[in-house]
Amino acid sequence: MGNSTHLTHFILSAYFDTGHLKYLYFMIVLLLYVLMLVSSFLLIVVICVNRSLHEPMYLFLCSLFVNELYGSTGIFPSLLIHILTDIHTVSTSHCFLQIYCIYSYVIVEFLTLSVMSYDRYFAICHPLQYNTHMTRNRIAVMVIIPWFYGFLYVSVLISVTSSLHLCGNIINRVYCVNYSVVNLACSDTIAVNIYGLIITFITVSFPTFLVLYTYMRILKVCFSGSKQTRHKAVSTCTPHLASLINFSSGCCFEIISSRFNMNHVPNILRVFLSLYFPICQPLFNPLMYGLNISNIRMCCRKLLFAQM
């Protein structure tokens, strides 16, 4: 078969016949999607309109919520359409666009969470130097780098994958994944695999080291510091750590479901595992930060009461 651009469509074979239950599944997924949009958009507005929240931690949170809107929108409109239809095909261009959105979302999310751990480390371990260290230019760079790196990395990945010669067009997923497309190749995929391994190692190892280092230092300060320091660390680090663990778990589920034979696993469970990180993370973060950080909670109340 010729170049992958000669294909007109891919078939998403992970969908299965649910009969009339498809309308129930459609309503559940639609409700979740609307909830994601409303909650993330509300917190973005709250952070943008309240000058008291124009601090580094909240600006990083705003970037996180924007990314989650972007990532969920890359999956859910297509998912809703496929739930209702009987023919589960996606055009080649749309498939690669979906891969672009999903992979860049994952990278930006992980790198932004890593940047937030550095911010918390400096706020807790070096509070006197925090305001002079976290300048506007530095904050802007720390916000932009995850987005720039994510878009650059995925652009190269898509470019390499789209040049492969494919021997089929059936993807055993409910959305397009680069690994599944590469597995369809009948040409040599060594270059793609080497590029993927090297960049994935760099993307994962450095942020992971940064998170581990910063939290080790934060724990050290908490054990030796005052009660006020411990309270500050717990109130601001707990939502971040919970978000990081939740997102990492979702990515692990995705890797397991795509790399290993899951034929013995019930279909509904396979679909849930593959959708865990794009569903749970955008729902989890607004809830976790909105309820646990008092400044955001109070500003949300003021905004909602102002509209009444």
Side-chain angles (χ1 to χ4, degrees), residues 12 14-15 22 24-48 60-85 88 90 93-113 116 143 146-147 149-151 153-154 158 171 173-180 239-240 242-255 257-258 268 270-291 296 300:
L12 303 174
Y15 289 95
K22 66 182 180 182
L24 175 61
Y25 293 144
F26 175 84
M27 292 305 300
I28 292 173
V29 174
L30 179 61
L31 179 63
L32 291 174
Y33 182 48
V34 171
L35 191 58
M36 289 176 205
L37 295 179
V38 171
S39 58
S40 295
F41 184 74
L42 172 64
L43 290 177
I44 291 169
V45 171
V46 166
I47 292 171
C48 289
F60 296 139
L61 275 177
C62 189
S63 177
L64 200 70
F65 296 141
V66 170
N67 183 53
E68 285 160 5
L69 282 177
Y70 162 72
S72 58
T73 303
I75 291 181
F76 279 88
S78 174
L79 182 65
L80 288 166
I81 292 171
H82 285 299
I83 288 174
L84 289 181
T85 57
H88 309 294
V90 58
S93 57
H94 185 268
C95 185
F96 282 116
L97 177 62
Q98 193 171 61
I99 291 172
Y100 189 94
C101 291
I102 294 169
Y103 279 57
S104 55
Y105 154 71
V106 170
I107 293 172
V108 173
E109 188 83 0
F110 188 50
L111 293 183
T112 303
L113 287 169
M116 289 172 68
V143 169
W147 289 89
Y149 178 82
F151 288 156
Y153 163 76
V154 182
I158 295 295
I171 299 175
R173 308 283 298 183
V174 294
Y175 55 84
C176 290
V177 179
N178 189 72
Y179 182 79
S180 299
H240 173 263
S243 175
L244 189 61
I245 292 172
N246 180 67
F247 185 68
S248 300
S249 300
C251 290
C252 288
F253 291 155
E254 163 60 24
I255 292 170
S257 62
S258 62
I268 191 68
R270 273 190 288 170
V271 172
F272 173 77
L273 290 176
S274 65
L275 290 173
Y276 183 89
F277 79 90
I279 289 180
C280 292
Q281 187 72 358
L283 285 173
F284 180 84
N285 275 348
L287 182 65
M288 177 61 67
Y289 285 104
L291 293 179
I296 293 181
C300 284

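Side-chain contact between Gln281 and Tyr105 is present, with heavy atoms from C-beta onward closer than 4.5 Å. Taking 4.5 Å as the limit, every side-chain heavy atom of Pro282 sits out of range of all side-chain heavy atoms of Phe76. At a threshold of 4.5 Å between non-hydrogen side-chain atoms, the residues Leu43 and Leu61 do not count as touching. The side-chain heavy atoms of Pro286 and Leu42, taken from C-beta on, include no pair separated by under 4.5 Å. The shortest side-chain heavy-atom distance between Val106 and Glu254 does not fall under the 4.5 Å cut-off. With contacts defined as side-chain heavy-atom distances shorter than 4.5 Å, the pair Met288/Asn246 does not qualify. Within the 4.5 Å cutoff, the side chain of His88 has no heavy atoms near those of the Val174 side chain. Looking at heavy atoms from C-beta onward, Phe65 lies out of side-chain contact with Phe41 at the 4.5 angstrom threshold.
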Worksheet entry | Test disulfide bond (SG atoms under 2.5 Å apart) applied to Cys95 and Cys176, step by step | CA-CA 6 Å; Cys95 185; Cys176 290; 2.1 Å; yes
Practice prompt. Step by step, work out the side-chain contact (heavy atoms from CB on, under 4.5 Å) result for Asn67 and Thr112.
Written response: CA-CA 9 Å; Asn67 183 53; Thr112 303; 5.9 Å; no
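For the pair Ser104 (side chain) and Cys101 (backbone), a donor-acceptor distance under 3.5 Å is present. Without hydrogens or angle criteria, Ser72 side chain to Leu69 main chain gives a donor-acceptor distance under 3.5 Å.
Atoms CZ and CG, from Arg173 and Leu275 in turn, are 8.5 Å apart once rounded to the nearest 0.5 Å. For the atom pair CD1 of Ile279 and CG of Leu35, the computed distance is 11.5 Å after rounding to the nearest 0.5 Å. Put simply, CD1 on Ile245 and CG on Leu113 are 11.0 Å apart, with the number rounded to the nearest 0.5 Å. Remark: Ser248 OG to Glu109 CD distance equals 10.0 Å, nearest 0.5 Å. Taken from CD1 in Ile102 to CD1 in Ile75, the straight-line distance is 4.0 Å, to the nearest 0.5 Å. With rounding to the nearest 0.5 Å, the separation of CE in Met27 from CG in Leu80 is 10.0 Å.
The two residues Gly150 and Ile107 come nearest to each other via the heavy atoms CA-CG2, 3.7 Å. A pairwise comparison of heavy atoms in Glu68 and Ser40 identifies OE1-OG, 4.4 Å as the closest pair. Pro146 and Leu111 make their closest contact through CB-CB, 3.7 Å (heavy atoms, listed as atom of the first residue, atom of the second, distance). Residues Tyr289 and Pro239 approach most closely at CE2-CB, 3.6 Å, considering heavy atoms. The nearest pair of heavy atoms linking Tyr276 to Gly250 is CD2-CA, 3.3 Å.
Between Tyr15 and His82, the ring-plane angle classifies as tilted under the 30° and 60° cut-offs.
Between the side chains of Tyr175 and Ser274, not a single donor N or O lies within less than 3.5 Å of an accepting N or O. Thr73 and Tyr33 share a donor-acceptor pair across their side chains, judged by distance under 3.5 Å alone.
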